[in-house]
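The next block holds one structure in the form of structure tokens; read it before the comments.
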Amino acid sequence: MNSQQDTIYAHVTDQITDFQFDQRVAGVFNDMIRRSVPGYAQIINTIGDFANRFVTPQSNIYDLGSSLGSATLSIRRQIEGRGCQIYAVDNSQSMIERCTENLAAYVSDIKVNLLCADIRDIDIKNASMVVLNFTLQFLPTHDRDALIKRIYDGMLPGGILVISEKLFFEDNHIQQLLDEQHLDFKRSNGYSELEISQKRSALENVMRPDSLNVHQQRLTENGFSHFSVWFQCFNFASMVAIK
């Protein structure tokens with residue numbers, strides 16, 4: 001999946017608008033996420049490993065907030081011959097268009113249904129696996145419980161939910177420490193102070209991370225029997241919940 005270099009915030013902008021997953025972002029998304037999210041490649045690869053372990057024949061898989069399709073591709077490679085369908089959903093038409101191109105580059109017997117839609121409107125059913133890969137944090141906080149409940153209700157017993165998120169820490173010292181580590185990570189990947197500052201301003205109103213405790217409480221209160229963090233690097237984590 002080719003991508004141009006991310007220079008969206010490389011020049012001084014008089015007015016910073018809220019971050020959007022538009023055509024500009026879709027064009028540089030692979031570079032942006034590689035340089036911004038520590039461990040992203042490991043998360044994507046392991047999502048495929050989870051699919052191999054948990055996806056059952058003739059079931060559905062949902063990639064909610066599928067962006068360019070990295071998680072969908074990772075899943076699809078691991079479940080050949082099981083007669084499943086993947087529903088890859090994103091509300092950005094630009095992301096869906098590029099995802100279509102990425103999926104077409106690989107032959108598979110697994111059908112992928114690409115939907116340009118709001119994930120809050122998707123009917124989850126017969127699901128052995130659902131993925132929210134850096135998606136939940138962009139929903140209004142009051143909508144998150146309802147989505148998790150709908151996912152749980154539509155999952156098969158033993159099904160797995162994978163949630164990857166940036167975390168908020170209730171301990172201010174830990175929050176500051178891991179935030180600084182993340183900023184150093186971005187600097188080491190070539191982002192300037194201007195780019196870091198302007199992107200942070202753009203994300204301020206649209207991305208609201210939860211704490212780990214909030215994630216665990218939300219999942220257990222909505223029925224999930226098992227929960228754990230399986231990956232964390234600085235203030236980024238990926239979690240699993242099993243029905």
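The two residues F231 and G39 have their closest heavy-atom pair at CZ-CA, 3.6 Å. In terms of heavy-atom proximity, Q93 sits nearest to C116 at OE1-SG, 3.4 Å. The minimum heavy-atom distance linking V55 with S59 is given by the pair CG1-OG, 4.0 Å. Here the closest heavy-atom approach between residue M155 and residue G159 is recorded as CE-C, 3.3 Å. Closest heavy-atom contact between T13 and Q198: N-OE1, 2.9 Å. I44 approaches S74 most closely through the heavy-atom pair O-OG, 2.7 Å.
From Q78, atom CD reaches atom CG of N45 across 9.0 Å, with rounding to the nearest 0.5 Å. Distance CG/N60 to CG/N126: 5.0 Å, rounded to 0.5 Å. Atom CG of N222 and atom CZ of R150 lie 11.5 Å apart (nearest 0.5 Å). Residue L103 holds its CG atom at 8.0 Å from CD1 of I86, rounded to the nearest 0.5 Å. Here CD of E101 is found 10.0 Å from CG of L68. Values are rounded to the nearest 0.5 Å. The distance from atom CG of L219 to atom CD1 of I163, rounded to the nearest 0.5 Å, is 4.5 Å.
Residue W230 is not grouped with residue L136 when hydrophobic side chains (ILVMFWY) are merged at heavy-atom distances under 4.5 angstrom, including chains of intermediate members. At a threshold of 4.5 Å between side-chain heavy atoms, the hydrophobic network of Ile, Leu, Val, Met, Phe, Trp and Tyr places V130 and V240 in two separate groups.
At a threshold of 4.5 Å between non-hydrogen side-chain atoms, the residues Y9 and Y191 do not count as touching. Annotation: side chain of D90 is not in contact with side chain of C99 (no heavy-atom distance under 4.5 Å). In this structure, R35 and Y40 have side chains that are not in contact, with every pair of non-hydrogen atoms separated by 4.5 Å or more. Between F236 and F134, the closest side-chain pair of non-hydrogen atoms falls below 4.5 Å. You'll find the side chain of L132 reaches within 4.5 Å of the side chain of I148, heavy atoms only. In this structure, the side chains of R53 and I160 stay at 4.5 Å or more apart for every pair of heavy atoms. A heavy-atom distance below 4.5 Å is found between the side chains of V162 and M129. Proximity of I79 to I61: side-chain heavy atoms (C-beta onward) are separated by under 4.5 Å at one or more points.
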* Worked check of side-chain contact (heavy atoms from CB on, under 4.5 Å) between F54 and I242 -> CA-CA 10 Å; F54 283 92; I242 302 170; 3.8 Å; yes
* **L147 and D143: CA distance, side-chain angles, deciding distance, side-chain contact (heavy atoms from CB on, under 4.5 Å) verdict** => CA-CA 6 Å; L147 176 62; D143 288 339; over 6 Å; no
* Step by step, would you call N133 with S164 a side chain to side chain donor-acceptor pair (under 3.5 Å)? -> CA-CA 5 Å; N133 203 38; S164 307; 2.7 Å; yes
* Derivation and outcome, side-chain contact (heavy atoms from CB on, under 4.5 Å), residues I122 and Y62 -> CA-CA 10 Å; I122 299 301; Y62 293 84; 4.1 Å; yes
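By the ring-ring contact (aromatic ring centres under 6.0 Å, His included) test, F185 is found to be paired with no residue, residues two or more places apart in sequence or in another chain being considered. The salt bridge (charged side-chain N to carboxylate O under 4.0 Å, His left out) test applied to D49 returns no partner, not counting sequence neighbours. Taking R144 as the reference, D210 meet the salt bridge (charged side-chain N to carboxylate O under 4.0 Å, His left out) condition, with sequence neighbours excluded. Residues meeting the ring-ring contact (aromatic ring centres under 6.0 Å, His included) test with F168, sequence neighbours left out: none. For D145, the salt bridge (charged side-chain N to carboxylate O under 4.0 Å, His left out) criterion is met by R218, not counting sequence neighbours. Scanning for ring-ring contact (aromatic ring centres under 6.0 Å, His included) contacts around H215 gives an empty result, with sequence neighbours left out. The ring-ring contact (aromatic ring centres under 6.0 Å, His included) test applied to F169 returns no partner, not counting sequence neighbours.
Within the structure, every pair that satisfies the side chain to side chain donor-acceptor pair (under 3.5 Å) test and touches residues 171-180, not counting sequence neighbours, is listed here: D179-R200. Sequence neighbours left out, the pairs with a member in residues 151-169 that pass salt bridge (Lys or Arg N to Asp or Glu O under 4.0 Å) are K149-D153. Every pair passing salt bridge (Lys or Arg N to Asp or Glu O under 4.0 Å) that includes a residue from residues 184-198 is listed here, sequence neighbours excluded: D184-R187, R187-E193. Counting only residues at least two apart or in different chains, salt bridge (Lys or Arg N to Asp or Glu O under 4.0 Å) contacts with residues 58-84 are absent.
Judged by distance alone, with hydrogens and angles left aside, the side-chain atoms of N102 form a donor-acceptor pair with the main-chain N or O of R98 at under 3.5 Å. The backbone N or O of L64 lies less than 3.5 Å from a partner atom in the side chain of T135, making a donor-acceptor pair. Side-chain atoms of S92 come within 3.5 Å of backbone N or O of M95 as a donor-acceptor pair. For D31 (side chain) and D6 (main-chain N/O), a donor-acceptor pair under 3.5 Å exists by modelled atom type. Without hydrogens or angle criteria, E221 side chain to G223 main chain gives no donor-acceptor distance under 3.5 Å. In this structure, H182 contributes its side chain and S36 its backbone to a donor-acceptor pair below 3.5 Å. In this structure, the side chain of S211 does not engage the main chain of E170 through any donor-acceptor pair within 3.5 Å.
Ring geometry, F138 versus F19: the interplanar angle falls under 30°, so the pair is classed parallel (tilted spans 30 to 60°).
Residue V12 is found in a hydrophobic cluster whose other members, listed by chain and number, are L194; membership requires side-chain heavy atoms under 4.5 Å apart, directly or through intermediates.
Side-chain contact annotation: T220 with Q216, donor-acceptor N/O pair under 3.5 Å absent.
For Q23, the CD atom sits in a loose shell: 12 or fewer heavy atoms of surrounding residues, nucleotides or ligands are nearer than 6.0 Å.
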